[in-house]
2 protein chains.
Amino acid sequence: MVTMKDIAAKACVSISTVSLVINHHDKGRVKPEIAANIWKVADELGYHPNAMARSLRSGRTHTIAFISDQVATTPYAGEIIHGAQDAARQLGYMMFIIDADGERNIDRDIDRMLSWGVDGYIYAKFANRYVSVPPMLDDLQVVVVNAEEHTAIHPRIEPDEVGIGYDATKRLIDAGCRRIAYIGCDEPAIAQFGRLKGYRQALEEAGLPFDERLTSRVSYGRPALEAVCALLDGMHPDGVFAFNDARAVYVYDYAFQHGLTIGKDLSVIGVDNHEVICDTTVPPLTSVELPHYEMGFWGACKIISLIEGRDPIKDKRVTPSYTAAPTPPLDSDGPTLIHCSIIEKESIAGKPRGQRNTGAVQTSETIGRSVPTAA
Amino acid sequence: MVTMKDIAAKACVSISTVSLVINHHDKGRVKPEIAANIWKVADELGYHPNAMARSLRSGRTHTIAFISDQVATTPYAGEIIHGAQDAARQLGYMMFIIDADGERNIDRDIDRMLSWGVDGYIYAKFANRYVSVPPMLDDLQVVVVNAEEHTAIHPRIEPDEVGIGYDATKRLIDAGCRRIAYIGCDEPAIAQFGRLKGYRQALEEAGLPFDERLTSRVSYGRPALEAVCALLDGMHPDGVFAFNDARAVYVYDYAFQHGLTIGKDLSVIGVDNHEVICDTTVPPLTSVELPHYEMGFWGACKIISLIEGRDPIKDKRVTPSYTAAPTPPLDSDGPTLIHCSIIEKESIAGKPRGQRNTGAVQTSETIGRSVPTAA
DNA sequence: CTGAAAGCGCTAACAT
DNA sequence: ATGTTAGCGCTTTCAG
């Protein structure tokens with residue numbers, strides 16, 4: 001390992017001079033030609049500052065930990081990690097991954113993080129769920145991503161579920177649909193309540209009646225397919241808002257069986273913009289995308305803003321590399337809701353109004369909207 | 001921060017005594033009651049050893065870096081990360097995540113890792129691809145996961161693609177299929193060649209002719225659906241081996257349109273065991289699962305074995321928590337192939353022979369099989 | 001059985 | 001403008 005000592009020896013200066021130069025504190029203190037020579041020697045020797053030694057002195061490690069259960073089990077895991085890692089990288093932080101699988105013996109892992117002196121923690125879920133952040137972390141810097149806490153003591157970000165239901169339904173209404181079905185989820189998930197609420201809001205706003213019989217709550221497999229077919233057979237909706245893409249597929253199955261054409265005879269919109277469904281179905285499925293990358297990105301920015309006491313977004317020290325959507329502001333009080341955009345494919349009859357759909361208009365209203373904790 | 005100094009003060013002993021006790025080097029050197037008291041004080045004070053200081057002395061950080069592009073873009077990302085993190089955790093290592101998105105400016109990230117003194121590197125892809133490991137890493141400990149290198153200089157693990165094609169096709173043959181179609185991938189991927197090869201091997205072994213017209217190479221969307229329909233219409237196969245689950249879905253679509261029942265009139269097998277497809281289709285799709293968790297797990301074990309010069313698997317210091325499949329041995333020469341199991345659902349007519357299918361029998365032959373680099 | 005002391009690589013206050 | 005020095009928290013000889 002090359003150290004400052006080696007550089008000092010080779011450049012015939014003292015270690016402190018090397019330190020001053022390497023840390024750019026040499027302005028007006030070290031002769032430029034000496035500084036230049038130090039850089040040259042450092043480069044020749046292949047010097048890398050020892051982060052360990054640096055951290056030992058400064059008490060700051062420039063590392064954050066990304067804690068989550070189910071790193072493995074959902075297709076979207078990577079997007080959140082990617083977003084968080086991207087922001088961390090740009091801000092000069094390294095990110096550890098910790099799998100809190102089933103809340104197992106996470107305390108042992110946290111012990112290890114405490115040993116490392118990690119500067120802050122991102123606690124993430126891969127589906128919008130209630131979580132309990134381990135109390136051990138309560139005194140530390142923690143940000144919660146894609147989840148709600150019962151206690152609501154940490155800053156957090158989550159998708160605007162009501163907005164999803166509202167935008168999706170409105171999109172169908174704008175396409176001319178008047179009998180819009182909702183294929184829901186049979187679990188009492190946060191998302192289920194929110195999306196249903198948004199669905200009803202959009203209907204009401206358009207003066208359309210809410211009809212319980214146009215809604216269904218299903219899981220997967222044959223029972224789900226049969227429930228969807230029964231609803232479509234009995235109620236003949238002209239549009240379907242599905243809780244997610246996987247459930248929207250049953251509408252396609254029905255259409256194939258009955259010779260209907262999706263996007264013509266029947267409009268469908270899902271949620272997730274799941275690549276493996278939306279880009280492979282015929283026709284491709286229009287879907288609301290959950291901004292996982294963006295949530296991860298926000299989470300890392302937020303935790304680092306707490307660590308450093310300054311706002312990396314306002315300071316323009318960071319740019320999302322994967323998306324054009326603006327990152328919600330960091331300084332809102334209470335939880336931050338993030339808007340979810342409709343990704344237009346071809347499963348909805350007619351054109352959306354304007355080039356950008358209503359979802360885009362919603363953006364300005366919803367991005368970073370702060371909601372009362374009781375919501 | 002609580003330090004050994006604090007403990008020493010409170011316990012009225014010297015720092016070195018505390019160090020001996022905390023590191024379990026006190027056997028026969030420190031009076032048991034003093035040792036006990038030190039532990040008590042440490043606990044009261046909430047002491048966590050400072051990993052930074054420890055590493056500074058020892059020159060070992062007990063960290064590994066997981067470098068990959070596309071952390072975000074595939075549904076399987078998380079499984080590999082999960083497996084690697086799981087092994088690392090059990091062996092007392094922390095794992096950094098680095099996104100080498102598009103080979104961008106990865107050198108900057110590697111600089112940072114060099115500063116950190118990371119002990120080893122896992123270089124992973126999320127689809128079996130050719131990679132070039134950045135030359136900067138060549139002198140360091142590197143393991144390649146789910147990829148091949150042109151140079152083949154680092155230890156690596158990848159799926160047994162030929163075995164996938166062979167097992168899947170054999171499964172259909174065992175179910176009584178005689179006209180077996182192959183829906184391939186239109187890209188020249190490693191997986192495409194391997195699976196096709198296995199398909200042909202199984203046919204040949206069973207004395208069935210290979211018929212080019214029973215094969216097709218497709219992408220996604222309408223052209224893919226049409227190609228699949230044309231093949232099925234023209235050749236009337238009784239079984240279909242699809243390159244992956246997403247392509248297998250087009251066979252389902254065809255069946256819905258023509259009133260055929262999958263798993264009765266037509267058998268189908270895919271690859272990926274993609275949750276969102278295999279558990280939601282009616283009937284559920286039988287599929288070959290790529291052991292991502294296991295590959296990640298192997299990768300971390302391997303890199304740590306290189307770092308420490310001993311075999312954590314043989315030493316039984318580590319157990320996969322997510323799977324029952326044995327981890328391939330670490331000591332084989334050349335690349336390691338990992339077997340992929342068939343996950344039985346209901347899309348194949350008849351029962352598989354025996355409770356465990358032929359895939360399971362293959363396991364013993366293929367797990368950890370080492371192949372010549374030229375293969 | 002226990003403590004004193006050196007030093008890992010680096011930073012920063014202080015001295016020259 | 002450059003060098004000296006103390007010390008971050010810990011480990012590890014070496015004395016006692």
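A note on names: the letters A, B, ... follow the listed sequences, proteins ahead of strands, and every chain is numbered from 1. These numbers come from the heavy atoms of this one structure, side chains and all, not from hydrogens, waters or symmetry mates.
Residue-level contact check: B:G59 touches neither bases nor backbone, having no heavy atom under 4.0 Å from any strand. Nucleic acid contact for B:I34: sugar-phosphate only, since backbone atoms but no base atoms lie under 4.0 Å from a heavy atom of the residue.
Atoms CG (B:L56) and P (D:dT12) sit 13 Å apart, rounded to a whole Å. The interatomic distance linking A:D26 (CG) with D:dA1 (C1') rounds to 11 Å, in whole Å. Between the CG atom of A:L114 and the C1' atom of D:dG9 there is a distance of 16 Å, rounded to whole Å. In this structure, B:L20 atom CG and D:dC14 atom P are separated by 15 Å, rounded to whole Å. D:dG9 atom P lies 16 Å from atom CH2 of A:W116, rounded to whole Å. If you measure from atom CD1 of B:I15 to atom C1' of D:dG7, you get 12 Å, rounded to the nearest angstrom.
For DNA chain C, the span of nucleotides reached by chain A at under 4.0 Å from its heavy atoms goes, 5' to 3', from C:dG9 to C:dA12.
Closest to the side chain of A:R57, out of D:dG3, D:dG7, D:dT11, is D:dG7. Listed nucleotides: D:dT2, D:dC10, D:dG3. Nearest to the side chain of A:R29: D:dT2.
Ion pairing between B:D86 and B:R89 holds under the 4.0 Å rule for side-chain N and carboxylate O. Of the charged side-chain nitrogens involved, at least one lies within less than 4.0 Å of a carboxylate oxygen, so that B:E308 and B:R310 count as a salt-bridged pair.
Donor-acceptor pairing under 3.5 Å is recorded for the side chains of A:Y130 and A:E148.
Applying the 4.0 Å criterion to OP1 and OP2 of D:dG9, one finds that B:K5 has every side-chain N and O outside that range. Regarding contacts with the backbone of D:dT11, a side-chain N or O of B:N23 is found under 4.0 angstrom from either OP1 or OP2. Under 4.0 angstrom from either OP1 or OP2 of D:dC10 there lies no side-chain N or O belonging to B:S19.
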Point to revise | Working for side chain to side chain donor-acceptor pair (under 3.5 Å), residues A:S16 and A:S19 | key: CA-CA 5 Å; A:S16 10; A:S19 175; over 6 Å; no
Practice item. Quick one: do A:K10 and A:L45 satisfy side-chain contact (heavy atoms from CB on, under 4.5 Å)? Show the steps, please. Key: CA-CA 9 Å; A:K10 190 145 180 222; A:L45 261 38; 3.5 Å; yes
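Below 30°, between 30° and 60°, or above 60°: for A:F96 and B:F96 the angle between ring planes is below 30°, a parallel geometry. Using cut-offs of 30° and 60° on the angle between ring planes, the pair A:Y93 and A:H62 is tilted.
Between the side chain of A:S16 and the base of D:dT2, no donor-acceptor pair under 3.5 Å is found.
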